[in-house]
Amino acid sequence: QVQLVESGGGLVQAGASLRLSCAASGRTSSVRVVAWFRQAPGKERECVAAISWSTGSGRTYYQESVKGRFTISRDNAKNTVYLQMNSLKPEETAVYYCAARYSIQLSTISSAYAFWGQGTQVTVSS
């Protein structure tokens, strides 16, 4: 099994930046994809970005609304995935979760991910 712990959330002004971290432990050698999801009150959980865990793949996915502003990255040696979020918008206020799966597909479907962190709150004020 895999355990995930998110950190780095907080309250920022619109236009500011945050970097979220997702530290993985447990059976990390079987992880193939790590993704970031967010869920705002009253809205469905949506995939923000995903990245292949394997060192050599370099595959990433970004939701259209965050392309050019968010960057997902990995540090396999530290078993950590990051989400650099720039130019944050108030509508991006949400709880941000990291998730992991053993399959190789960069899925945007939350049910495809077996392992989840506890979430970290990101609040963007206007």
Novice: Please determine whether residues Val34 and Val48 belong to a single hydrophobic cluster, defined as Ile, Leu, Val, Met, Phe, Trp and Tyr linked transitively by side-chain heavy-atom distances below 4.5 Å.
Specialist: yes
Novice: Using the rule that two of Ile, Leu, Val, Met, Phe, Trp, Tyr join whenever any of their side-chain heavy atoms come within less than 4.5 Å, decide whether Val12 and Met85 are in one cluster.
Specialist: yes
Novice: Nearest 0.5 Å, please: how far is CG in Asn79 from OG1 in Thr28?
Specialist: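 Rounded to the nearest 0.5 Å, the OG1-CG separation comes out at 4.0 Å.
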Novice: Show every salt bridge (Lys or Arg N to Asp or Glu O under 4.0 Å) that has at least one partner inside residues 92-112, sequence neighbours left out.
Specialist: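 Of all non-adjacent pairs touching residues 92-112, those that pass salt bridge (Lys or Arg N to Asp or Glu O under 4.0 Å) are Arg38-Glu92, Arg69-Glu92.
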Novice: Is there a path of hydrophobic side-chain contacts, each under 4.5 Å between heavy atoms of I, L, V, M, F, W or Y residues, that connects Trp53 with Ile51?
Specialist: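 Linked within one cluster.
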Novice: Can Tyr82 and Thr80 be said to form a side-chain contact (heavy atoms from CB on, under 4.5 Å), step by step?
Specialist: CA-CA 7 Å; Tyr82 305 96; Thr80 301; 3.4 Å; yes
Novice: Applying ring pair (Phe, Tyr, Trp, His ring centres under 6.0 Å), name anything that partners Tyr113, two or more places apart in sequence or on another chain.
Specialist: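 With neighbours one apart ignored, the set is Phe37.
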Novice: Taking atom SG of Cys47 and atom CD of Gln63, what is their separation to the nearest 0.5 Å?
Specialist: 7.5 Å
Novice: Just jot down the salt bridge (charged side-chain N to carboxylate O under 4.0 Å, His left out) partners of Glu44, sequence neighbours excluded, or say none.
Specialist: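 Not a single residue meets the salt bridge (charged side-chain N to carboxylate O under 4.0 Å, His left out) criterion with Glu44.
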Novice: Could you pull out the closest heavy-atom pair between Thr120 and Gly8, with the gap in Å?
Specialist: OG1-N, 4.2 Å
Novice: Is it possible for you to say whether Val81 and Leu4 belong to one hydrophobic cluster, with membership spreading through side-chain heavy-atom contacts below 4.5 Å?
Specialist: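 Yes, one cluster joins them.
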Novice: Checking Arg59 side chain against Ile104 main chain: does a donor-acceptor pair fall under 3.5 Å?
Specialist: yes
Novice: Would you tell me whether Gln105 and Ser103 have side-chain atoms, one donor and one acceptor, within less than 3.5 Å of each other?
Specialist: no
Novice: Going from OH on Tyr61 to CG on Leu106, what distance comes out if it is rounded to the nearest 0.5 angstrom?
Specialist: 10.0 Å
Novice: For Lys67, enumerate each residue passing the salt bridge (charged side-chain N to carboxylate O under 4.0 Å, His left out) test, keeping only those at least two apart in sequence or located in another chain.
Specialist: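 Expected list: Glu64.
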Novice: Start with the C-alpha gap between Ser110 and Trp116, add the side-chain angles, then the distance that decides, and say whether side-chain contact (heavy atoms from CB on, under 4.5 Å) holds.
Specialist: CA-CA 10 Å; Ser110 60; Trp116 292 82; 3.8 Å; yes
Novice: Roughly how far, to the nearest 0.5 Å, is the CZ atom of Arg45 from the OG atom of Ser111?
Specialist: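 Rounded to the nearest 0.5 Å, the OG-CZ separation comes out at 11.0 Å.
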Novice: Quick one: CD on Gln1 to OG on Ser30, what's the gap to the nearest 0.5 Å?
Specialist: 10.0 Å
Novice: Run the side-chain contact (heavy atoms from CB on, under 4.5 Å) test on Tyr96 and Glu6 for me, step by step, so that the C-alpha distance in whole Å, both residues' side-chain angles and the decisive distance to 0.1 Å come before the verdict.
Specialist: CA-CA 8 Å; Tyr96 284 69; Glu6 303 98 331; over 6 Å; no
Novice: Residues two or more places apart in sequence or in another chain: which of them pass ring pair (Phe, Tyr, Trp, His ring centres under 6.0 Å) with Phe115?
Specialist: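 Phe115 satisfies ring pair (Phe, Tyr, Trp, His ring centres under 6.0 Å) with Tyr102 once adjacent residues are dropped.
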Novice: Please report the interatomic distance OG1(Thr93) to CD(Gln121), rounded to the nearest 0.5 Å.
Specialist: 7.0 Å
Novice: Report yes or no: do Val95 and Leu88 belong to one cluster of Ile/Leu/Val/Met/Phe/Trp/Tyr joined by side chain heavy-atom distances under 4.5 Å?
Specialist: no
Novice: What pairs of donor and acceptor atoms, side-chain ones from residues 13-23 against any protein atom, are under 3.5 angstrom apart with sequence neighbours left out?
Specialist:
from: Ser17; atom 1: OG; to: Asn86; atom 2: OD1; distance (Å): 2.9

